Structure formats: structure tokens, C-alpha cells
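A short write-up of the structure that comes next.
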Amino acid sequence: GRQVILRPAVQKRYLELAEPSLSDQRSDIERVLDALDDLELRVDLPVLRTLGRVLREADYKVTAVVVDDALVDVQAGDTAASRYGIAFDLGTTTVVATLLDLSTGTPMAVSSMLSKQQPFGADVISRISAVMLEPDNLGRLTELAHASLSELAGEVCEQAGIDPLDVYEVAMAGNATMTHLALGIDPEPLGVAPFILSARLLPEILAVDLGLPVHPRARAVVFPSFGAYVGGDITAGLIASGMNRDARTRLFIDIGTNCEIVLGSREWLLATAAPAGPAFEGAAIKCGMRAADGAIEGVRLDPDADEASAGVLLEIIGDCEPAGLCGSGLVDAVASLVGTGLLDHSGRFVTDEAAAAIAPALAGRLVLLGQERVFVLHWRDEPGDVGNSIYLSQRDVRELQFAKAAIASGWSVLLEEAGLAATDVQQVLLAGSFGSYLSPPSAIKLGLVPRLGVMRVVSAGNVAGEGAKMALLSVRERAAALALLEEVRYVELSDRPDFNDSF
């Protein structure tokens, strides 16, 4: 990622204070604050409850713990070396925690898990629906979010061998629905038109508000959302990819069930969300699966191979026996079938006669399953047992076409809104857990991104998690995230006739 100047909000100062006497009767807290006279501090009440005892037992040699402008603790002795933070990437599917040493900026441990909210549905809409059907589910979903976060917090502290009470700040990047649920705020207004957030700017939040077993007065930095479907994970991603600092015109695309798209440069930014549907998560794809071990993530077809087995090269996550097709494999498979001519420009499989003429080695993989034509990527058992194979169906191609149309219409509307042509885009960033696996040539070939030179389309990786880390390491980056709220203009697609025409 970018270089970040280390300026965390968490500071520790070791103080050797003069003992009180009849000639110096300052109160305990004034004695501490006078020694920190370069800081304007608020004092958390619980600090006062133990302060007198701590000072006297430690012979007035203590460490002050400051987060932003709050004095959160006064500890006996010199503990200045131990100050930590945890960055959370609160995804709909996966939650990731990274423990950072705030003295050095070094990541100490990382842990991830599937969200414990899965039983309430795989996507945000089904989780919002669960709350609309049964209001008590809000409390359950909030508890499950807290359980996911606190289990991960425990794991990273244990891995690094540190005391969770030495974690004084956490940061969380998540989409608007996941953030609402984690904070116990009813998400229903996000799910129905006109799609309204409870707040873009959040009040001061403590780590205990997220159910975290860290220092009881630790603060939480929660990334703000621009709109109901362009959330704090995107705010974090824009900071991490430097969209707000780059003079070039760039297009940021986070591809998933909901596709977030941001166009702009450090002068201006437009954001929108396009309903791509579940094709990329593998949910609506016949042999689909999420990007885990056994998923086909890359497909290359060679129409000139001598025999059928040599014509298909698969890249499998985890280098094991293929188990299904994930989103990037879907895009690659369709792009290579278009490239070999087995899929025509309208997205239909060509006839058997045409297939035999174009790619004789591959034609035997284009078969019927019931009434539907499918292309077999991998024979599990005997070649010929289609029902048991991993295949791409005609309907899967249609699902991808819907998703592609939504995404391409989304960025077309933003370009039109900005008065730019696709060729004015100097770089495309593919972000998110799915976008980062996508092969740029396939994305260009299918028109998921503007037709630019392949060097201009870059995988940005998991930028939401990077942004959360940056917020802990630098108060400047955090201020930049808040400043984005003023700079980004949110464009709602659902009431725009040009979106529907273009789709």
C-alpha cells in the first residue's frame, strides 16, 4: 500500500511526578494533566476512580494513556512500549482482524472467519429482510457481529502473545448494512426506497459498543458511508488506494453482489452502486462456489490442442482437485469461450456443427444436460457423465451478462455525469475479495471495465482492510476519510432512465 506517516491517535507518556505536599496540594488529576500540558485532554470518569491508588502505589511514576483528546488510563510504572490496535474488515461473508503494534506500525497477527451472521442469509438484503420480518432478529444479528469481532480479537492477541487490555483503539470498515448491524442500528431504511442511512457521521464509539474484550475505554473508529450501498468499506478502500490524493482520473470498482463504483481524482469524486446480483459470489451459478480451496479461478482454452484433455487448462485455488467455479473462473471461462468462438457475441453457445468446425478438440465438451446446453470444464468421473461434471451452463452465461450489464451501465452513467469518455479514464482499480482475483484481460474482453490498455487495469487487492489499518496508524489518514464525505457526490441509479436504457 501507500507509505503512511506513523501518527497514531493512541499515545503513551511515561511521567515521573513530584509527590504532593502541604505546599503543593494540586489534585491528583491536575498533577497528571500539568505534566501533559502540550495536550488538551478530556478525562474519562473511570480513570478518577483508581487514580489515587495507582499514583501512590507507583511512587508517582506512571504512564498516561491518551487516545485522541481523551485520557483513558493512568498505569503504574513505565508501560509506554505496549500500545496496540486492531483493524477489522467486517465483510458480509468474511470478517478479518489484524493486530498492529502502534509504536512501530508493524502487523503482529492476522485472523479471519466466516461471518457468524451467515444463518440469516448470504447477502445484506436477506439480513435486512430478517429484521423486517422479526424485529428481535436485530438483537441477534448484533450479537453475532459482536461474537465474530470478539473471537477474532481474542485470536490475534493470543497469536501475538499480548494482553487484550493493551489494545486501546480498534478500526472497522464494513458496508452500511454490516456497520448498522454491528452498532445495533435498525437497517430497514437502507433496504427500501428511498434508501436512507441512519447517519453518515457517527458519534464517538467505544470498542465495548462493538462487544470487544479489549481495554474498557478503548475507542473505535468506524468508517462512514456515502450512501446506503456505498459503505464504509469503500471509504476505507478509497483512502488505501489513494483516490483522494491522485491527480489522475481513475475508476474504482468493487465487484460483488452489490457493485460499488467510484470515478474521479483528488479534485472530485462520483460514487454509485450497481445491482450486479449474485453471479460473482457463485450463488446463482450451477457449479458455483466461493473463492476457497478447490475453486476454479482461471480458465485457458486451446482450440488447437490434439485431444480434448489438453485443450482446457484450469487454475485451481489450493492446487487440489477442482470442486466448483468461483467468480473469477466464471469470467475467465466465458471470456475464453468468446475468444475461441464457442460463445457468439449475443452470449449463446454455437451449434454442434459450428463447434466441431471451430475447435474440434473442445467440441465434445459442449453437450446437453436435460434441455440446456453446457460446456464441461472438468469431468469428475468418466468423460460423458455430464451431471457429475463441473460445467458452465447457458443460464450461467446469462447471469454473468446481467451482472456485466449492471456494472458497465453503472460506470457509463458516472462517465456521462462527469462529461467524460471511457478513454479519459487513466486507471481502473479492481477491488474487493472478488475483483482482485479477476484477470484484467478477461474483464476488458467482456466489457466489465472500459476498453483500455491492459496495463491500465490493476488489481487493488483487499483495500478495505488496508484502509482500516491506515486509520489506526495515522490520524491524518483518518481525517482524510472524513473529508471524503464532503467531496464525494452519490449518484442514485434506480430512478435514472439512462441507467435502464444502457442496461
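Throughout, numbering of the chain's residues begins at 1 and tracks the sequence. What you see is a predicted model; the values in this text were computed from it and never measured.
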Worksheet entry | Test item: T272 side-chain N/O and V491 main-chain N/O as donor-acceptor pair under 3.5 Å | yes

Practice prompt. Answer yes or no: are there more than 12 heavy-atom neighbours, outside R248 itself, under 6.0 Å from its atom CZ?
Written response: yes

Response to the item:
Residues passing the salt bridge (Lys or Arg N to Asp or Glu O under 4.0 Å) test with R250, sequence neighbours excluded, are D246

Fill in: Spacing of CG belonging to L493 relative to OG belonging to S502, to within rounding of 0.5 Å
9.5 Å

Worksheet item: Is a side-chain N or O of S389 found less than 3.5 angstrom from the main chain of W379, in a donor-acceptor match?
Response: no

Discussion item. Could you measure the distance from the CD atom of Q394 to the CZ atom of F375? Nearest 0.5 Å is fine.
Written reply: 13.0 Å

Worksheet entry | salt bridge (Lys or Arg N to Asp or Glu O under 4.0 Å) partners for E169, two or more places apart | R478

Practice prompt. Please test K404 against E399 for salt bridge (charged side-chain N to carboxylate O under 4.0 Å, His left out), starting from the C-alpha separation and ending with a verdict.
Written response: CA-CA 9 Å; K404 175 250 149 148; E399 284 284 341; over 6 Å; no

Practice prompt. Under the side chain to side chain contact (heavy atoms under 4.5 Å, CB included) rule, what do S148 and Q118 come out as? Steps first, then yes or no, please.
Written response: CA-CA 11 Å; S148 303; Q118 291 286 345; over 6 Å; no

Worksheet item: If you count the non-hydrogen atoms of other residues, nucleotides and ligands that lie under 6.0 Å from CG in D501, is the total more than 12?
Response: yes

Item to complete: Might you work through the salt bridge (charged side-chain N to carboxylate O under 4.0 Å, His left out) test for E372 and K286, ending with a clear yes or no?
Response: CA-CA 12 Å; E372 195 178 23; K286 282 285 176 24; 3.6 Å; yes

Worksheet entry | Steps toward side chain to side chain contact (heavy atoms under 4.5 Å, CB included) verdict (F195, E492) | CA-CA 10 Å; F195 316 113; E492 176 60 58; 3.8 Å; yes

Practice prompt. Only counting residues at least two apart or in another chain, list the ones meeting side chain to side chain donor-acceptor pair (under 3.5 Å) with H378.
Written response: E321

Item to complete: Would you confirm whether N388, through its side chain, and D385, through its main-chain N or O, come within 3.5 Å as a donor-acceptor pair?
Response: no

Practice prompt. Kindly indicate, with the supporting measurements, whether the criterion side chain to side chain contact (heavy atoms under 4.5 Å, CB included) is fulfilled by V156 and S111.
Written response: CA-CA 6 Å; V156 288; S111 190; 3.8 Å; yes

Response to the item:
In this structure, CG of D396 is separated from CD1 of I285 (nearest 0.5 Å) by 4.0 Å

Item to complete: For the pair T235 (side chain) and F223 (backbone), establish whether a donor and an acceptor sit closer than 3.5 Å, ignoring hydrogens and angles.
Response: no

Worksheet entry | Stepwise salt bridge (charged side-chain N to carboxylate O under 4.0 Å, His left out) check, R373 with D352 | CA-CA 10 Å; R373 304 193 70 208; D352 289 344; 2.7 Å; yes

Worksheet, complete the sentence: Value for CD (E143) from CG (L138), rounded to nearest 0.5 Å, stands at 10.0 Å

Practice prompt. State, yes or no, whether a side-chain contact exists between L429 and I253 at a heavy-atom distance under 4.5 Å.
Written response: no

Item to complete: For K116, check salt bridge (Lys or Arg N to Asp or Glu O under 4.0 Å) against everything at least two apart and list the hits.
Response: E151

Worksheet item: Residues in side chain to side chain contact (heavy atoms under 4.5 Å, CB included) with T249, at least two apart?
Response: L263, W268, L420, Q426

Worksheet entry | Listed partners of R489 passing salt bridge (Lys or Arg N to Asp or Glu O under 4.0 Å), at least two apart | E417

Worksheet item: Is there side-chain contact between L114 and R290, with heavy atoms separated by less than 4.5 Å?
Response: yes

Worksheet item: Do R127 side-chain atoms and G121 backbone N/O form a donor-acceptor pair below 3.5 Å?
Response: yes

Fill in: Those residues that, when tested against S198, pass side chain to side chain donor-acceptor pair (under 3.5 Å) (two or more places apart)
H180

Discussion item. Going by side chain to side chain donor-acceptor pair (under 3.5 Å), name the residues that satisfy it together with S112, two or more places apart in sequence or in a different chain.
Written reply: none

Worksheet item: Between CZ of F88 and CE of M178, what distance do you get to the nearest 0.5 Å?
Response: 13.0 Å

Discussion item. Counting C-beta onward and ignoring hydrogens, is there a side-chain heavy-atom pair between M243 and V262 closer than 4.5 Å?
Written reply: yes

Fill in: Any side-chain heavy-atom pair of L197 and F226 under 4.5 Å
no

Item to complete: Taking the side chain as every heavy atom from C-beta outward, state whether T179 and L183 have any pair of such atoms under 4.5 Å apart.
Response: yes

Worksheet entry | Heavy-atom neighbours of L368 CG exceed 12 at 6.0 Å | yes

Would you be so kind as to tabulate the donor-acceptor pairs closer than 3.5 Å made by side chains of residues 439-447, with sequence neighbours excluded?
residue	atom	partner	partner atom	Å
S439	OG	D332	OD1	3.1
S439	OG	S442	N	3.3
S439	OG	S442	OG	2.9
S442	OG	D332	OD1	2.5

Response to the item:
Quick note, salt bridge (Lys or Arg N to Asp or Glu O under 4.0 Å) partners involving residues 252-267, not counting sequence neighbours, are none

Discussion item. Can you pull out every salt bridge (Lys or Arg N to Asp or Glu O under 4.0 Å) where at least one residue sits in residues 225-242? Sequence neighbours excluded, please.
Written reply: none

Discussion item. The test is side chain to side chain contact (heavy atoms under 4.5 Å, CB included); show your working for Y229 and I234 and say whether it passes.
Written reply: CA-CA 10 Å; Y229 291 98; I234 303 304; over 6 Å; no

Worksheet item: Picking from K469, R245, R7, what satisfies salt bridge (Lys or Arg N to Asp or Glu O under 4.0 Å) with E477?
Response: R245

Discussion item. For R496, is the CZ atom crowded, meaning more than 12 foreign heavy atoms sit under 6.0 Å from it?
Written reply: yes

Discussion item. I want to check something: taking the side chain as every heavy atom from C-beta on, are V376 and I390 in contact at a cut-off of under 4.5 Å?
Written reply: no

Discussion item. Regarding T92 and D123, do their side chains bring together a donor and an acceptor under 3.5 Å, going by distance alone?
Written reply: no

Fill in: S474 side-chain N/O to A471 backbone N/O, donor-acceptor pair under 3.5 Å
no

Fill in: Sequence-distant partners of S346, side chain to side chain donor-acceptor pair (under 3.5 Å), two or more places apart
D344

Discussion item. Measuring from atom CE of M470 to atom CG of L472, what distance do you get when rounded to the nearest 0.5 angstrom?
Written reply: 11.5 Å

Discussion item. Looking only at the side chains, is there a donor atom on one of N462 and D89 sitting less than 3.5 Å from an acceptor on the other?
Written reply: yes

Fill in: Residues, nucleotides or ligands: over 12 heavy atoms within 6.0 Å of R476 CZ
no

Worksheet item: Are there more than 12 heavy atoms of other residues, nucleotides or ligands under 6.0 Å from atom CZ of R380?
Response: yes

Worksheet item: So, do V124 and N258 sit near enough that their side-chain heavy atoms are less than 4.5 Å apart?
Response: no

Worksheet item: Under 3.5 Å, side chain of H146 to main-chain N/O of A182, donor-acceptor pair present?
Response: yes

Worksheet item: Is the backbone of G339 close enough, under 3.5 Å, to the side chain of S336 for a donor and an acceptor to pair up by distance?
Response: no

Worksheet item: Taking side chain as C-beta onward, heavy atoms only, is L343 less than 4.5 Å from V350?
Response: no

